Amino acid sequence: MPRASLSLAPALDRIAGEIDRALDSLLAIPDDPRAPLFRAMRHAAIGGGKRLRPLLVCATCELFNVDRAAALRVAAAIECMHVYSLIHDDLPAMDDDDMRRGKPTVHKQFGEATAILAGDALHALAFTVLAEERTHPDPFVRADLILELGRASGPDGMAGGQMMDLAAETTGFDLAGVTRLQQLKTGALIAFCVEAGAIMGRVPPEGRKGLRGYARDIGLAYQIADDLLDAEGSAAAAGKKVGKDAAAGKATFVSLLGADRARAQAGLLVEQAIAHLRPFGQEADLLRAIARYTVERDR
């Protein structure tokens, strides 16, 4: 395993346990007919996954001395939003996948109707958690979190990128088009993770420029690494099917640039991301390690 991945392993293990405990509490199974819905939500959300988005939230919150319990609530909300997108993305009408995080996708395990509802419920839960006073005592901070998550996950963010991804099956995108697609589909939620930490720390918008640059660069690097894993990785390591983009004829960073140029571009983006953190000292070392991890991971 590469050095940066090794240095990040304890932080990833810690956040995985903390997020699983938070989701276990949020998704306690009721003793009524809603139980199958909660089981489906738990199947998708608890266990597995890299938990990179929650780690980004907590790492950014640490820069501004935000209470860990409050940071974890925001991290859990973002993980709910991310998992919702995975459930819906795996549906037959979308990518039609059988495996996710090394286990059957929700619609395979619980049926399509329950999978749709599980995604809907996780989407709503994300905003509910952010709106609760336990997340932050300042209602303006909570409103800012909700506003920015809405932007990052809606038509100007993740959902818009997913629409472009569907169009990519029949439309040939050039490099600029693929970059825009991935900035919305993958990058917008990653950017919100960093933005959320700054919001929790009451950093004004004009003070977030460097962090936004960091998030933008690692978001693109992350997606290039995903394209490389889809082209060169193994399903066993990834926990999901690989080779899907080539089979669907989709333009990707790898198909447009070639594997070597794509890998070099990802490395350049990581270095740019780290450069954006120059105003910070050792307190940003975890964010630096996350940037390196985005291109070193095997899943």
Side-chain angles (χ1 to χ4, degrees), residues 2-12 14-15 18 50-75 77-79 130 135-138 140-149 151-152 156-157 179 182-184 186-225 264-297:
R3 184 170 59 186
S5 298
L6 282 171
S7 67
L8 199 60
L12 286 168
R14 180 187 179 191
I15 196 69
E18 289 174 319
K50 296 175 286 295
R51 305 301 196 200
L52 193 64
R53 290 161 186 82
L55 184 59
L56 274 169
V57 175
C58 290
T60 310
C61 281
E62 285 177 10
L63 292 182
F64 307 111
N65 299 311
V66 174
D67 176 71
R68 181 78 176 187
L72 284 169
R73 286 184 59 82
V74 178
I78 292 172
E79 188 66 7
L130 293 184
T135 298
H136 200 285
D138 186 340
F140 292 100
V141 168
R142 300 198 304 272
D144 205 5
L145 288 170
I146 292 166
L147 172 63
E148 293 301 331
L149 182 57
R151 287 173 173 164
D156 293 325
T179 300
Q182 300 302 350
Q183 283 175 330
L184 296 179
T186 303
L189 197 59
I190 287 176
F192 173 68
C193 295
V194 178
E195 188 94 1
I199 291 170
M200 290 287 281
R202 300 179 190 265
V203 179
E206 60 272 18
R208 304 174 198 165
K209 184 177 178 181
L211 289 171
R212 286 171 175 163
Y214 166 87
R216 180 188 63 246
D217 288 340
I218 67 164
L220 276 178
Y222 184 95
Q223 186 56 50
I224 293 173
Q265 181 64 28
L268 177 63
L269 286 164
V270 168
E271 293 309 312
Q272 287 180 182
I274 291 171
H276 284 298
L277 300 176
R278 198 173 291 121
F280 299 99
Q282 291 182 343
E283 69 273 16
D285 280 351
L286 181 53
L287 287 174
R288 296 182 181 100
I290 292 171
R292 296 186 182 100
Y293 171 80
T294 58
V295 296
E296 294 179 351
R297 59 198 170 88

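Residue numbers count from 1 along this sequence. As the structure is a prediction and not an experimental result, all values here were calculated from the model.
- Cation-pi geometry between Arg53 and Tyr222 is satisfied (NZ or CZ under 6.0 Å from the ring centre, within 45° of the ring normal).
- Contact of the Leu145 side chain with the Leu149 side chain is not registered, since no non-hydrogen atoms from C-beta on lie closer than 4.5 Å.
- Between Arg292 and Ile274 there is a side-chain heavy-atom pair separated by less than 4.5 Å.
- For Ala75, the side chain to side chain contact (heavy atoms under 4.5 Å, CB included) test picks out Ile19, Pro54, Val57, Cys58, with sequence neighbours left out.
- You'll find the side chain of Val295 stays beyond 4.5 Å of the side chain of Ile224, heavy atoms only.
- Proximity of Leu55 to Leu8: side-chain heavy atoms (C-beta onward) are separated by under 4.5 Å at one or more points.
- Every residue was checked against the salt bridge (charged side-chain N to carboxylate O under 4.0 Å, His left out) condition with Arg216, not counting sequence neighbours, and none meets it.
- Taking each heavy atom of Ala152 and Phe192 in turn, the nearest pair found is CB-CB, 3.8 Å.
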Side chain to side chain contact (heavy atoms under 4.5 Å, CB included) assessment of Glu62 paired with Glu283: CA-CA 8 Å; Glu62 285 177 10; Glu283 69 273 16; over 6 Å; no

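- In this structure, the side chain to side chain contact (heavy atoms under 4.5 Å, CB included) partners of Ile146, at least two apart in sequence or on a different chain, are Phe127, Leu130, Ala131.
- For the residue pair Val66 and Gly197, the shortest heavy atom distance occurs at CG2-O, 4.4 Å.
- Remark: Arg288 pairs with Asp285 by the salt bridge (charged side-chain N to carboxylate O under 4.0 Å, His left out) rule, at least two apart or across chains.
- Contact between Thr60 and Cys193 at its shortest, heavy atoms only, is OG1-O, 4.5 Å.
- Side chains of Thr294 and Leu52 form a contact here, defined as non-hydrogen atoms less than 4.5 Å apart.
- The side-chain heavy atoms of Pro205 and Arg212, taken from C-beta on, include a pair separated by under 4.5 Å.
- For the atom pair CG (Leu189) and CG (Leu184), the distance works out to 12.0 Å, reported to the nearest 0.5 Å.
- Annotation: the span from Ile218 atom CD1 to His276 atom NE2 amounts to 11.0 Å, rounded to 0.5 Å.
- Between the side chain of Arg208 and the main chain of Val203, a donor-acceptor pair closer than 3.5 Å is present.
- His136 is linked by a side chain to side chain contact (heavy atoms under 4.5 Å, CB included) to Asp138, Val141, Arg142, Met200, Arg202, counting only residues two or more places apart in sequence or in another chain.
- Between Glu18 and Arg14, at least one side-chain N (NZ, or NE/NH1/NH2) sits under 4.0 Å from a carboxylate O, which counts as a salt bridge.
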Step-by-step side chain to side chain contact (heavy atoms under 4.5 Å, CB included) determination, Leu72 to Ile15: CA-CA 9 Å; Leu72 284 169; Ile15 196 69; 3.7 Å; yes

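- Taking the side chain as every heavy atom from C-beta outward, Leu63 and Leu211 approach each other to under 4.5 Å.
- Between the CZ atom of Arg297 and the CG atom of Leu12 there is a distance of 11.0 Å, given to the nearest 0.5 Å.
- Under the side chain to side chain contact (heavy atoms under 4.5 Å, CB included) criterion, Ala59 pairs with Leu286, Leu287, Ile290, not counting sequence neighbours.
- Contact between Ala215 and Ala191 at its shortest, heavy atoms only, is CB-CA, 3.6 Å.
- Once rounded to the nearest 0.5 Å, the distance linking CG of Asp144 with CD1 of Ile199 reads 4.0 Å.
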